[in-house]
Peer 1: 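Got a structure here, written out as structure tokens. Questions coming.
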Protein chains: 2
Amino acid sequence: MVVIDNGESVARVDPITTMRNYMAQHGMKNSRQRETIAEVFFEAARHMSVDDILEAARQVDSRVSQATVYRTMKLLTECGLAEARHFNDGQALYEVGDILGHHHDHLICIDCGKIVEFVDERIEELQTEIATKYGFELTQHRMELYGRCGDPQCRERGN
Amino acid sequence: MVVIDNGESVARVDPITTMRNYMAQHGMKNSRQRETIAEVFFEAARHMSVDDILEAARQVDSRVSQATVYRTMKLLTECGLAEARHFNDGQALYEVGDILGHHHDHLICIDCGKIVEFVDERIEELQTEIATKYGFELTQHRMELYGRCGDPQCRERGN
DNA sequence: GTCAGTGCAAAGGTTTTGCAATTTA
DNA sequence: TAAATTGCAAAACCTTTGCACTGAC
């Protein structure tokens, strides 16, 4: 169960229920694999690649294939329950969607790969202002800051 | 010839000269293909995929291969003369680097694919502030706003 | 003449897809 | 039982790379 507190009201969204509703509304059938994949993904609640998810799902049920993970994550993305990120132009990383957690942006260490999530309301407001200025109706945005984290334990790439 | 006006001083950077200097400093040889590719890329000065660049280069010199375009764009990226963008997780789009044009962010129409470039100093400042707050030394950032452009001529995707 | 650059095609990595078999409702 | 889902492997897609040949210095 995830709680969203947007400062005005509190909504409770259960991702598994949301997924089931979405499937029902779209003439889709549920399956053992989809439930397993969704469970491990929402339980971990962190940035996971398809292979991470596959590995975790197989610990619960060894009969899950990579293709099904790809298909299920696409489904969850369509629901708005998951979002794909491409920080490094390699494998996509999935994280829980805005409707479950708070929207946030990312700060990524170019040496150790550490990812910090943050929100800054001033930036959110400026983004809307800029979109409006150019006649756009904003639907989504992506902001990623890259730098060196300065952590003493930071291991440079290649170590 | 590209002019950079950063508000304090004005520098003139010729990309072809910069590329030649870079190659000389790195024990590389120039070639007919590299000059052709660089010429068409800097002349167009817009977002171009590798295939766009290949097509344009072949109109000048039919003996240019895709592999050489990839290799040359990588070289130009290392020089800072070009930057790769991945707006849609498909083919990369290249644009001229910050040292040639002003740094800018992007507003992308999700219906017609139109790309608007913009700069907002307030956002630039906030980004640095946020990175500092989390102990990061900012090296680079990426901000993309997605929405509907509201243009009457906007053709929805798939048309 | 030497060594870097090229073109080609093959290989690489990630994601999608066709299809027969299976599972769900 | 009909229709959607699965697993497998092949294909698709973008990009990189090995190698013999070409071309720049």
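We name chains A, B, ... by the order of the sequence lines, and we start the count at 1 in each one.
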Peer 1: Rounded to whole angstroms, how far apart are CD on B/E35 and P on C/dT6?
Peer 2: 11 Å
Peer 1: Using five base pairs at each end to define the local axes, how bent is the helix from C/dG1-D/dC25 to C/dA25-D/dT1, to the nearest 10°?
Peer 2: 30°
Peer 1: State which residues pass side-chain contact (heavy atoms from CB on, under 4.5 Å) with A/R85; sequence neighbours excluded, sorted by chain then number.
Peer 2: A/E83, A/F87, A/E95, A/H106, A/R142
Peer 1: Other members of the hydrophobic cluster containing A/L126, with the 4.5 Å side-chain heavy-atom rule, please.
Peer 2: A/L107, A/V116, A/F118, A/I123, A/I130, A/Y134, A/F136, A/L138, A/M143, A/L145, B/L107, B/V116, B/F118, B/I123, B/L126, B/I130, B/Y134, B/F136, B/L138, B/M143, B/L145
Peer 1: Output one line per pair: protein atom, nucleotide atom from nucleotides 9-13 of chain C, and distance, for all N/O pairs under 3.5 Å.
Peer 2:
none

Peer 1: Rounded off to whole Å, could you give me the CD1-to-C1' distance for the B/I53 and D/dC14 pair?
Peer 2: 14 Å
Peer 1: Could you tell me which residues satisfy side-chain contact (heavy atoms from CB on, under 4.5 Å) with B/S49, sequence neighbours excluded, listed by chain and number?
Peer 2: B/D51, B/D52, B/Q91, B/L93
Peer 1: Quick one: B/R20 CZ to D/dA24 P, roughly how many Å, whole number?
Peer 2: 13 Å
Peer 1: Report the distance from atom CG of A/L75 to atom CG of A/L81, rounding to the nearest 0.5 Å.
Peer 2: 8.5 Å
Peer 1: Show each protein N/O and nucleotides 3-6 of chain D N/O combination with a separation under 3.5 Å, one pair to a line.
Peer 2:
{"residue": "D/dA3", "atom": "N3", "partner": "A/K29", "partner atom": "NZ", "Å": "2.9"}
{"residue": "D/dA4", "atom": "O3'", "partner": "A/K29", "partner atom": "N", "Å": "3.4"}
{"residue": "D/dT5", "atom": "OP1", "partner": "A/K29", "partner atom": "N", "Å": "3.3"}
{"residue": "D/dT5", "atom": "OP1", "partner": "A/K29", "partner atom": "O", "Å": "3.4"}
{"residue": "D/dT5", "atom": "OP1", "partner": "A/R34", "partner atom": "NH1", "Å": "2.8"}
{"residue": "D/dT5", "atom": "OP1", "partner": "A/R34", "partner atom": "NH2", "Å": "3.1"}
{"residue": "D/dT6", "atom": "OP1", "partner": "A/S31", "partner atom": "OG", "Å": "2.7"}
{"residue": "D/dT6", "atom": "O3'", "partner": "A/Q33", "partner atom": "NE2", "Å": "2.7"}

Peer 1: Could you list by number each residue of residues 80-87 of chain A showing a heavy-atom separation from DNA chain D of less than 4.0 Å, or answer none if no residue does?
Peer 2: none
Peer 1: Kindly state each residue pair satisfying salt bridge (Lys or Arg N to Asp or Glu O under 4.0 Å) with at least one member in residues 126-140 of chain B, sequence neighbours excluded.
Peer 2: A/R122-B/E129
Peer 1: Write down the distance between CG (B/D61) and C1' (D/dG23), rounded to a whole number of angstrom.
Peer 2: 13 Å
Peer 1: Could I get the full list of side-chain hydrogen bond (donor to acceptor under 3.5 Å, both in side chains) partners for B/Y146, not counting sequence neighbours?
Peer 2: B/E144
Peer 1: Does some side-chain heavy atom of A/L100 sit less than 4.5 Å from a side-chain heavy atom of A/P15?
Peer 2: yes
Peer 1: Ring pair (Phe, Tyr, Trp, His ring centres under 6.0 Å) with A/H141: which residues, sequence neighbours excluded?
Peer 2: A/H103
Peer 1: Round to the nearest Å and state the distance from B/L75 atom CG to D/dT17 atom C1'.
Peer 2: 17 Å
Peer 1: Would you say a side-chain N or O of A/Y70 is under 4.0 Å from OP1 or OP2 of C/dT16?
Peer 2: no
Peer 1: In whole angstrom, what separates B/D51's CG from D/dC13's P?
Peer 2: 12 Å
Peer 1: In whole angstrom, give the distance that lies between atom CG of B/L54 and atom C1' of C/dC8.
Peer 2: 13 Å
Peer 1: Under the ring pair (Phe, Tyr, Trp, His ring centres under 6.0 Å) rule, what pairs show up with a residue in residues 19-45 of chain B, not counting sequence neighbours?
Peer 2: B/Y22-B/H26
Peer 1: Can you tell me how far P of C/dT24 sits from NE2 of A/H26, to the nearest Å?
Peer 2: 22 Å
Peer 1: Below 4.5 Å, heavy atoms only, C-beta onward: do A/R20 and A/M28 meet side chain to side chain?
Peer 2: no
Peer 1: Taking side chain as C-beta onward, heavy atoms only, is A/R63 less than 4.5 Å from A/R58?
Peer 2: no
Peer 1: So, A/T68 side chain and A/V64 main chain: donor-acceptor pair closer than 3.5 Å or not?
Peer 2: no
Peer 1: Which residues pass the side-chain hydrogen bond (donor to acceptor under 3.5 Å, both in side chains) test with B/N30, sequence neighbours left out?
Peer 2: B/E35
Peer 1: In this structure, are over 12 heavy atoms from other groups packed under 6.0 Å from B/E78 atom CD?
Peer 2: yes
